[in-house]
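These notes concern the structure reproduced below.
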Amino acid sequence: MSKANSAIIEFHDVTLSRNHRPLVSHLNFTIYQGEALVLLGRSGSGKTTTMKLINRLFTPTQGEVLFAGKPTSQWDEIQLRRKIGYVIQETGLFPHFTVERNVGLVPSLEGWLPKQIKTRVYELLHLVGLDPAQFAQRYPHELSGGQRQRVGVARALAADPPVLLMDEPFGALDPITRLELQQEFRRLQRELGKTVVFVTHDIQEAFVLASRIGLMYGGELVVLGTKDEFMASQHPESIAFLQCLHSQQLS
Ligand SMILES: Nc1ncnc2c1ncn2[C@@H]1O[C@H](COP(=O)(O)OP(=O)(O)OP(=O)(O)O)[C@@H](O)[C@H]1O
């Protein structure tokens, strides 16, 4: 990775306040093309807020966020969101649309031909491990939680956005399916070369998925580095998270 010229998202002294209280403060960091950056932190530390500043669901009170070198405030909102796939825990699938229609939604909004959409949807369902013959015509309520998550990932990838934001997408799954999806997703992310920003409060998940970990605490980014750098960090919050990891491993 050539860090000198491959920045895709940049936070320049970003603060977001509500009612005079900062939700996140003085965020300064860069996300590079093709990396998997995991934002780790306890509940309420500001992870989701940071993510929503990327796709402009929130705009900074101070400072600016750049996407592909241009402040998000200067992007056309729709253009920006088309370049940034978004996967959340509840997946946000439309309940009255089949899997095929859900996955093909953005390509169809972009005016692709029906035949192209179908080919793309089938390709994506294969990619996320769902047999189209079995799943394309089902509705979300006819799927398990893990299958819905796969459909959510397929949908976010449909128009081939360079960046994916994933907010605790595997949170509601049993631990075995969860590990399986984490590993598959990591493989997929490397294969497709996507830039991924992933939010979690689970350090084990951070270690499976991350090329770098950003640790948030009280609305600030207190550690940012590789797994080795994270393990060497002396910040009390990284030590607390590492203790959780050790106790999970022991039990
Ligand atoms: N729209 C909002 N208006 C006011 N306060 C908000 C808003 N959204 C989030 N907050 C507050 O900002 C802080 C950070 O919230 P955020 O959702 O970013 O945390 P998080 O680290 O993602 O937590 P979790 O792991 O519980 O989802 C919290 O104190 C939350 O109550």
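Here the structure is a predicted model, which is why all the values come from computation and not from measurement. Every heavy atom of this structure was used, including side-chain atoms; hydrogens, water molecules and symmetry mates were not. For ligands, and for the atoms within them, numbers begin at 1 and follow the listed sequence.
The existence of a salt bridge linking R81 and D76 is excluded, since no basic side-chain nitrogen approaches an acidic carboxylate oxygen closer than 4.0 Å.
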All N/O donor-acceptor pairs, side-chain side in residues 100-108, below 3.5 Å, sequence neighbours left out:
residue	atom	partner	partner atom	Å
E100	OE1	Q137	NE2	2.7
N102	OD1	F94	N	2.8
N102	ND2	F94	O	3.0
N102	ND2	F97	O	3.1
N102	ND2	T98	O	3.2
S108	OG	L105	O	3.4

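Screening E168, K47, R42 for a side-chain hydrogen bond (donor to acceptor under 3.5 Å, both in side chains) involving H201 leaves a single residue, E168.
Contact shell of ligand 1 (protein heavy atoms, cutoff 4.0 Å): R18, R21, L23, R42, S43, G44, S45, G46, K47, T48, T49, F58, E168.
To the nearest 0.5 Å, atom CG of residue L124 and atom OH of residue Y122 are 12.5 Å apart. We find the CD1-OH distance between I9 and Y32 to be 12.0 Å, quoted to the nearest 0.5 Å.
For the pair R150 and F185, the cation-pi criterion (under 6.0 Å, within 45° of the ring axis) is not fulfilled.
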